[in-house]
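Here the structure comes first, spelled out in structure tokens, and everything after it is commentary.
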Amino acid sequence: MAKAVSMYAACGIILILCVVSSNSEQASNDIPVSKLSHNVGAPTLTFLYCYSCGYRKAFDEYASIIQQKYPFIIIDGRNYDPPGINMFVARLLGILKLLVIVCILGGVNIFNYLNQPQPSWWQWCLENKLYACMMLFFLCNVIESQLTQSGAFEISLNDIPVWSKLETGRIPQPAELFQIIDSQMKFTDQTIEFNTGFAK
């Protein structure tokens, strides 16, 4: 009885931690960033890339060459979260994966609570905890990776989109990106003009 109570407590703590972390990420993403601050200060070039597609390396290369040519530009890069149901399903799968792993490690027969007979595969999982947890972990990671693969490599300068791989189907060449940055910088240099103390 005490073992079952401790398993429920562990599952509850893991679930609460997952919900709190997802809510804090969403809250930080919901805060709008002022475009005025970008234009007044140093320009910011933002890359949103598909991490599971392997575009992190491409981002690092672009960040390096852009910093060499434009040392005053702030470069920000992060994973592109796919819109729609895919991200929700991937996060739900991640939470369920952790809960099932905790149940396997704790030796909890979840089918007793569902008033169902214990299947043979669940008995195998309870007898071979290490293998079962590793298989579950890697299988769920593969599925989560497939769900979150967007193929995105989106670039924006001061919150203004300047390139989208989702629309063009390709990543820009460095020369193309330099030309885009140069043309955008001409406009952003004149975005705010002060006349008698007011921006126009």
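Being a predicted model, the structure only gives us computed values, none of them experimental. Just so you know, these numbers use all the heavy atoms, side chains as well, and skip hydrogens, waters and symmetry mates.
- For Asn86 (side chain) and Leu147 (main-chain N/O), a donor-acceptor pair under 3.5 Å exists by modelled atom type.
- Looking at Glu176, its side chain does come within 3.5 Å of a backbone N or O of Gln173 through a donor-acceptor pair.
- In this structure Tyr51 satisfies the side-chain contact (heavy atoms from CB on, under 4.5 Å) test together with Tyr49, Arg56, Asn79, sequence neighbours excluded.
- Sequence neighbours left out, not one pair with a member in residues 98-123 passes salt bridge (Lys or Arg N to Asp or Glu O under 4.0 Å).
- Listed for the Trp124 side chain is no donor-acceptor partner under 3.5 Å among the backbone atoms of Pro119.
- In this structure, Pro161 has no side-chain contact (heavy atoms from CB on, under 4.5 Å) partners at least two apart in sequence or on a different chain.
- Checked against side chain to side chain donor-acceptor pair (under 3.5 Å), Glu167 has no partners two or more places apart in sequence or in another chain.
- A side chain to side chain donor-acceptor pair (under 3.5 Å) check over residues 99-109, counting only residues at least two apart or in different chains, returns the pairs Asn109-Asn112, Asn109-Gln118.
- When the side-chain contact (heavy atoms from CB on, under 4.5 Å) test is applied to Leu166, the partners found at least two apart in sequence or on another chain are Tyr80, Ala152, Glu154, Ser164.
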Could you give the side-chain donor-acceptor pairs of residues 93-108 under 3.5 Å, partners two or more places apart or in another chain?
unit_1 : atom_1 : unit_2 : atom_2 : d
Lys97  : NZ     : Asn141 : OD1    : 2.8
Lys97  : NZ     : Glu144 : OE2    : 3.3

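- The side-chain contact (heavy atoms from CB on, under 4.5 Å) search around Gln179 returns none, not counting sequence neighbours.
- The salt bridge (charged side-chain N to carboxylate O under 4.0 Å, His left out) search around Glu61 returns none, not counting sequence neighbours.
- Within the structure, the salt bridge (Lys or Arg N to Asp or Glu O under 4.0 Å) test picks out the following pairs touching residues 66-76 (sequence neighbours left out): Asp76-Arg78.
- Taking Phe111 as the reference, Trp121, Trp122 meet the ring pair (Phe, Tyr, Trp, His ring centres under 6.0 Å) condition, with sequence neighbours excluded.
- For the residue pair Tyr55 and Asp60, no side-chain donor N or O sits within less than 3.5 Å of a side-chain acceptor on the partner.
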